[in-house]
Participant: 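Quick one: this structure, given as structure tokens, is what I'll be asking you about.
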Amino acid sequence: MLIAPANSRSRANERRAKPYCKCWNKKTPVLWKQLRACSCGEDNDVSEWRWSTPDSSSSRVVISEDRKQVTFHPFYSTGTAAAKGDTPLLHNHHYYWEVKILTDTYGTDIMVGLGTNKVDTAESQFKFTSLLGQDEESYGLSYTGAVRHNAMVARDSAGFCRGSIVGVRVDLWRGTLEFYLNRKPLGISFYNLRRHQALYPMVSSTAAQSSMRLIYAASWRASLLVDAAKVLAPSLAPHERRLRLPPGLWYTFRSQFWLTLPSEGGQSDDESEKDESAGTEAVKMTKSMLNEVTPDQFVNGYYVDSVEPDYRIVVWE
């Protein structure tokens, strides 16, 4: 299993977990009936799968009627509980889903990720543990910022909090996994996911009365269209895309590949603007730059600019 190198803890601690929008800035307690008050980031009503209904004997996990919202330990917590998606992820498909965190994050761990049917949730029901990523059968992003697999921490980030949107992007054509926080990519964390016959979206928590909602879940079969969308969208400046793209292609981007376009929400403070200005990992590439690229400027799939060597542009993976 190839794992991306971990970020330094000092760098992660320079940032703090934050919500997607300003609706969650208040620190006052939120009533259960008010958990649906914020709908920021929920403009795309796509749910190709839902959370599986737990066994009737289980009181540790409560699923809403629409099977989008899951609440863990509704009364008190005695260990770790988990919920799993009702649809397996197929090879040669791209998947992206988002979970909005509805309650305060605390306790041993609250995690978003995926795993196989071999993940033993019963063994941890009376233990407080980081369930997703404690073995070879699961992968998880913790609210503390740790990305876990096989009992190892692969990467640290700022983590998530109440009001954060956690995204999971799985490419089962190449076998990669990438997490997003408030629609910003954290970089590919794991490779070789195709070794699993079937993977399922999963969430877990040790915190009493913790709740989260599935707000988006879509998939695309691997194709030239998907690869073209990934390359074409960054090749045009944001203000040029709607003007220069054919209407049909623009509609396809907006309806199916909206993640390749810049987010229209979620940036509520100056810190996010600083991240954008840094630009060391995501640099927009114009058509004129593409025409000037020579074969010797590619190293392991990256375009290397001899004038500004700090910039890297991912052309293919």
Side-chain angles (χ1 to χ4, degrees), residues 3 6-10 12-13 15-19 24 27 29-30 32 35 51-52 54-55 57-63 69-85 98-116 118-168 177 179-182 186 189-190 200-214:
I3 302 178
N7 289 339
S8 65
R9 290 188 177 271
S10 60
N13 292 335
R15 305 182 301 274
R16 60 178 178 82
K18 57 190 177 185
W24 304 84
K27 299 299 182 181
V30 178
W32 289 101
L35 289 178
W51 299 116
S52 295
D55 186 272
S57 62
S58 175
S59 61
R60 297 175 296 118
V61 180
V62 176
I63 305 294
Q69 185 167 324
V70 54
T71 300
F72 296 103
H73 315 289
F75 303 106
Y76 55 88
S77 176
T78 58
T80 308
K84 185 178 69 173
E98 289 183 333
V99 173
K100 180 180 283 187
I101 309 302
L102 303 179
T103 52
D104 288 324
T105 53
Y106 70 96
T108 301
D109 224 336
I110 299 175
M111 307 190 74
V112 176
L114 66 162
T116 71
K118 297 180 181 180
V119 177
D120 190 354
T121 57
E123 191 270 339
S124 300
Q125 63 179 324
F126 298 114
K127 296 180 181 179
F128 294 91
T129 183
S130 299
L131 177 64
L132 303 182
Q134 69 177 1
D135 55 23
E136 295 183 350
E137 303 298 328
S138 60
Y139 309 79
L141 172 65
S142 166
Y143 82 95
T144 63
V147 175
R148 299 181 179 276
H149 171 66
N150 199 21
M152 296 185 295
V153 178
R155 186 190 299 269
D156 280 345
S157 69
F160 54 86
C161 62
R162 185 181 73 171
S164 296
I165 292 179
V166 182
V168 185
L177 167 62
F179 290 104
Y180 284 65
L181 284 178
N182 294 333
L186 300 182
S189 297
F190 301 103
Y200 294 82
M202 296 187 70
V203 288
S204 69
S205 176
T206 62
Q209 300 182 4
S210 53
S211 185
M212 57 188 74
R213 180 168 66 245
L214 179 69

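These numbers come from the heavy atoms of this one structure, side chains and all, not from hydrogens, waters or symmetry mates.
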Participant: So, taking the atom named OG in Ser204 and the one named CZ in Phe72, what distance separates them when rounded to the nearest 0.5 Å?
Facilitator: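 Atom-to-atom, Ser204:OG and Phe72:CZ are 6.5 Å apart.
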Participant: We want to know whether Thr129 and Ser124 form a side-chain donor-acceptor pair, criterion being a heavy-atom distance below 3.5 angstrom.
Facilitator: no
Participant: If you apply the rule side-chain contact (heavy atoms from CB on, under 4.5 Å), what do you find for Val166 with Leu181, and how did you get there?
Facilitator: CA-CA 5 Å; Val166 182; Leu181 284 178; 4.1 Å; yes
Participant: Closer than 3.5 angstrom, by distance alone: can the side chain of His149 be matched with the main-chain N or O of Gly140 as a donor-acceptor pair?
Facilitator: no
Participant: Rounded to the nearest 0.5 Å, how far apart are CG of Leu214 and CD of Gln69?
Facilitator: 10.5 Å
Participant: For the pair Thr206 (side chain) and Asp109 (backbone), establish whether a donor and an acceptor sit closer than 3.5 Å, ignoring hydrogens and angles.
Facilitator: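 The answer is yes, because a donor-acceptor pair under 3.5 Å joins these two groups.
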Participant: Quick one: does any side-chain atom of Arg60 pair with a main-chain N or O of Thr80 as donor and acceptor, under 3.5 Å?
Facilitator: yes
Participant: Tell me, please, which residues at least two apart from Thr105 pass side-chain contact (heavy atoms from CB on, under 4.5 Å).
Facilitator: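 Thr105 satisfies side-chain contact (heavy atoms from CB on, under 4.5 Å) with Ile101, Ile110, Tyr143, Phe160, Cys161 once adjacent residues are dropped.
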Participant: Please determine whether side-chain contact (heavy atoms from CB on, under 4.5 Å) holds for the pair Tyr200 and Thr116, giving the CA-CA distance in whole Å, both sets of side-chain angles, and the decisive distance to 0.1 Å.
Facilitator: CA-CA 6 Å; Tyr200 294 82; Thr116 71; 5.9 Å; no
Participant: Leu132 and Tyr139: side-chain contact (heavy atoms from CB on, under 4.5 Å), yes or no, with the steps?
Facilitator: CA-CA 5 Å; Leu132 303 182; Tyr139 309 79; over 6 Å; no
Participant: To the nearest 0.5 Å, what is the distance between CE (Met212) and CD (Glu98)?
Facilitator: 14.0 Å
Participant: Kindly write out the residues that satisfy salt bridge (Lys or Arg N to Asp or Glu O under 4.0 Å) with Lys118, not counting sequence neighbours, or none if the list is empty.
Facilitator: none
Participant: Considering non-hydrogen atoms only, spot the tightest contact between Glu137 and Val119 and give its length.
Facilitator: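 Looking at all heavy atoms of both residues, the shortest contact is O-CG2, 3.5 Å.
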Participant: Output the distance between atom CZ (Phe179) and atom OG (Ser142), rounded to the nearest 0.5 Å.
Facilitator: 10.5 Å
Participant: Could you give the distance from CD (Gln134) to CD (Glu123), rounded to the nearest 0.5 Å?
Facilitator: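 If I round to the nearest 0.5 Å, the distance is 6.5 Å.
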Participant: Pro74 and Ser59: which non-hydrogen atoms are nearest, and at how many Å?
Facilitator: CD-O, 3.3 Å
Participant: For a quick test of reading the model, state the closest non-hydrogen atom pair linking Ser138 to Gly133 and the distance between them.
Facilitator: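 That would be OG-N, 2.7 Å.
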Participant: If we ignore angles and hydrogens, is there a donor and acceptor under 3.5 Å between the side chains of Gln209 and Thr103?
Facilitator: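 Result is no, nothing qualifies.
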Participant: Give the C-alpha distance, both sets of side-chain angles, the deciding distance and a yes or no for side-chain contact (heavy atoms from CB on, under 4.5 Å) between Ser77 and Phe128.
Facilitator: CA-CA 9 Å; Ser77 176; Phe128 294 91; 3.4 Å; yes
Participant: Has Asn182 got a side-chain atom pairing as donor or acceptor with Ile165's backbone, closer than 3.5 angstrom?
Facilitator: yes
Participant: Could you give the distance from CZ (Arg16) to NZ (Lys18), rounded to the nearest 0.5 Å?
Facilitator: 7.5 Å
Participant: Leu141 and Ser157: which non-hydrogen atoms are nearest, and at how many Å?
Facilitator: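 Shortest heavy-atom separation between Leu141 and Ser157 comes out as CD1-OG, 4.2 Å.
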Participant: Are any side-chain N or O atoms of Asn150 and backbone N or O atoms of Met152, one a donor and one an acceptor, separated by less than 3.5 Å?
Facilitator: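 Checked: no pair found.
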Participant: Is a side-chain donor or acceptor of Ser211 paired with a backbone partner of Val70 at a separation under 3.5 angstrom?
Facilitator: yes
Participant: Which atoms form the tightest heavy-atom contact between Arg162 and Trp24, and what is the distance?
Facilitator: CG-CE3, 3.5 Å
